[in-house]
Amino acid sequence: MYTRLKSVVFLAALIPLALGIWDGFHDALGANPVEEITFRSGRWTLRFLLITLAITPLRKCTGWNGIIRLRRMLGLYAFFYACLHLTTYLWLDQYFSLTDILEDISKRRYIFAGFGTFLLLLPLALTSTHGMQKRLGGRRWKQLHQLIYIAAGTALLHFLWLTKADYRDPLIYLCILTALYILRLPALEPLITRRR
Amino acid sequence: MLIKKNVSIKSSEITPESIYLDRRRFIQGGVGAALAATLPGSLATAASRYSTTEEQTSLKDITRYNNFYELGTGKGDPALNAGRLHTSPWSIAVSGACEHPGNYDLDELIKPEAIEDRVYRLRCVEAWSMVIPWQGVPLGKILKRFAPTSKARYVAFRTLLRPAEMPGQRRDILPWPYREGLRMDEAMHPLTLLATGLYGKELPNQNGAPIRLVVPWKYGFKSIKSIVSIEFTETEPATTWNLKGPDEYGFYANVNPAVDHPRWSQKKERRIGDIFKRPTLPFNGYAEEVASLYAGMDLQKYY
């Protein structure tokens with residue numbers, strides 16, 4: 001059953017990419033396609049981070065323990081869209097100009113937060129395999145993967161800091177992230193956990 | 001794309017498109033001068049030595065990628081919401097240090113002037129740019145008719161405030177109404193244009209219909225849209241983005257690759273239609289015409 005569910009989720013998570021490619025070939029990315037690709041890949045990174053963080057609370061609320069099997073894939077999709085986002089910036093926006101990129105990182109806090117997020121996600125992606133999980137040992141692996149809490153926060157800071165005037169969208173994401181943090185408070189555990 | 005039809009024009013007054021498209025041949029043919037005088041003001045246009053010959057951005061892109069927060073903050077929102085805005089009738093309130101203040105109907109302001117073609121580069125503060133064929137009247141020609149007094153050192157503009165037709169104004173994104181201003185010498189400069197048309201047609205609502213400012217050597221946010229008020233002032237007027245973020249958006253806002261926006265570099269820009277960026281030029285390539293206006297000024301300080 002879970003193999004089929006995983007296949008469905010695997011394909012569903014590729015829909016944003018497929019839509020982007022489709023739109024790219026049909027002049028539907030607007031007048032500034034590079035900006036649109038940057039926005040879309042960035043938003044999908046954040047969305048997949050939030051979806052990944054929602055798995056544990058969802059498992060507790062519903063009592064559906066199997067859902068945890070989707071978590072690694074969802075986290076890897078966050079990393080996948082982050083790679084697309086970063087590549088768009090490095091290549092299409094900065095054309096691999098190292099001096100411009102370094103200046104951007106050192107001068108602009110939202111770029112710094114963006115790079116920081118990627119560097120936090122990188123070790124999580126690299127240690128996501130069963131093999132690495134065993135080599136690190138369960139406890140250390142778990143500790144390392146708590147970096148996602150920081151990464152989601154820095155991703156959101158990146159979004160807030162690049163916003164010019166209309167804060168509605170980043171604030172919606174902030175509310176969701178805050179809720180996902182709060183749901184993890186030990187005091188709430190007995191309230192949200194569904195007894196079987 | 002939405003272009004509003006102006007209902008006040010009789011169909012008999014409208015130049016057939018074939019004749020309109022052929023206007024240069026008419027004018028070159030010798031009979032032009034007399035004939036051009038009989039054409040409706042909004043269509044008889046003259047070329048300008050200030051126009052660039054660079055490849056023009058497509059009408060589609062100019063009208064679907066807009067920063068006009070009154071009609072929504074997404075780049076595509078202004079085109080989607082454009083139909084809600086009604087721009088006829090339209091009048092402009094002229095006030096402050098001048099001898100002829102009052103409410104002027106738009107036609108009354110524009111009709112006496114010759115409409116000129118101006119193909120200008122537009123550089124947005126967000127590091128993208130376009131090349132846009134405007135039609136309009138040099139602002140200075142119109143301002144002179146109000147006879148500004150010696151106290152008029154600046155000119156302040158305001159955009160229409162009408163939340164019922166401009167959904168963006170129902171949210172507290174910027175201090176409404178949108179305000180902009182120029183120093184008097186900037187306003188009188190022959191490059192500074194009051195635009196009423198785009199690509200030979202009436203200005204679409206998302207581009208600031210029915211009348212907007214175009215100051216090609218400054219970042220786009222200086223070129224205020226849908227103007228309803230012009231005021232001559234003695235002191236520097238407050239301007240919207242400067243109120244919102246004084247360290248990010250200055251009063252002068254001259255295009256300057258040497259002064260970065262705090263959150264992004266201004267060294268390069270993406271010309272809409274291109275993938276990769278190109279270098280940004282001082283004063284957006286109009287340094288020869290306007291650099292002298294700022295002689296002796298510290299442009300790092302007065303950004």
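Within every chain, numbering begins at 1; the chains are lettered A, B, ... in the order of the sequence lines, protein sequences first and strands thereafter.
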Is there a side-chain contact (heavy atoms from CB on, under 4.5 Å) between A:Q94 and B:F276 once you walk through the steps? CA-CA 8 Å; A:Q94 300 292 330; B:F276 297 112; over 6 Å; no
Answer yes or no: does atom CZ of B:R170 have more than 12 heavy-atom neighbours from other residues, nucleotides or ligands under 6.0 Å? yes
Non-hydrogen atoms of chain B under 4.5 Å away: do they reach the side chain of A:T163, the backbone, both or neither? backbone
At a heavy-atom separation under 4.5 Å, does B:D260 approach chain A through its side chain, its backbone, both, or neither? side chain
Can you see which heavy atom on B:H261 is nearest to which on A:R108, and at what distance? O-NH1, 3.6 Å
Bottom line for B:W264: the part with an atom under 4.5 Å from chain A's heavy atoms is both
What part of A:E103 gets closer than 4.5 Å to chain B, counting heavy atoms only: side chain, backbone, both or neither? side chain
Can you tell me how far apart CH2 (A:W91) and CD1 (B:I275) are? Round to the nearest 0.5 Å. 9.0 Å
Tell me whether the count of non-hydrogen atoms from other residues, nucleotides or ligands lying under 6.0 Å of CZ in B:R158 goes above 12. no
How many angstroms lie between atom CG of B:D172 and atom CG of A:D166, to the nearest 0.5 angstrom? 11.0 Å
Counting only heavy atoms not in A:F25 (residues, nucleotides, ligands), do more than 12 fall under 6.0 Å from its CZ? no
Within a 6.0 Å radius of atom CZ on A:R47, are there more than 12 heavy atoms belonging to other residues, nucleotides or ligands? yes
As a quick check of understanding, evaluate salt bridge (charged side-chain N to carboxylate O under 4.0 Å, His left out) for B:K267 and A:D100, giving each step before the final call. CA-CA 10 Å; B:K267 287 191 195 73; A:D100 288 348; 5.5 Å; no
Could you tell me which non-hydrogen atom of A:A31 sits nearest to which non-hydrogen atom of B:I272, and how far apart they are? O-CG2, 3.3 Å
Evaluate side-chain contact (heavy atoms from CB on, under 4.5 Å) for B:W241 paired with A:K164, printing each intermediate quantity in order. CA-CA 10 Å; B:W241 278 102; A:K164 267 178 77 186; 3.8 Å; yes
Is there side-chain contact between B:K75 and A:F39, with at least one heavy-atom pair below 4.5 Å? no
Does the pair B:R64/A:D27 count as a salt bridge with the N-to-O cut at 4.0 Å? yes
Bottom line for A:L162: the part with an atom under 4.5 Å from chain B's heavy atoms is backbone
Got more than 12 heavy atoms from elsewhere within 6.0 Å of CD, B:E55? no
Could you look at A:W161 and say if it's the side chain, the backbone, both or neither that has a heavy atom under 4.5 Å from chain B? backbone
Of B:R270, B:K244, B:K277, the largest count of non-hydrogen pairs under 4.5 angstrom with chain A goes to B:R270
Inspect the surroundings of OH in B:Y50 and state if more than 12 heavy atoms from other residues, nucleotides or ligands are less than 6.0 Å away. yes
Enclosure of B:Y302 OH (heavy-atom neighbours >12, cutoff 6.0 Å): no
Verify side-chain contact (heavy atoms from CB on, under 4.5 Å) between A:Y95 and B:K268, making sure each step is shown before the conclusion. CA-CA 11 Å; A:Y95 203 54; B:K268 293 178 187 170; over 6 Å; no
Side-chain donor/acceptor of B:R263 to backbone N/O of A:R109, under 3.5 Å: no
With rounding to the nearest 0.5 Å, note down the distance linking OG in B:S265 to CD1 in A:I111. 10.5 Å
For B:E248, is it the side chain, the backbone, both, or neither that has a heavy atom closer than 4.5 Å to a heavy atom of chain A? neither
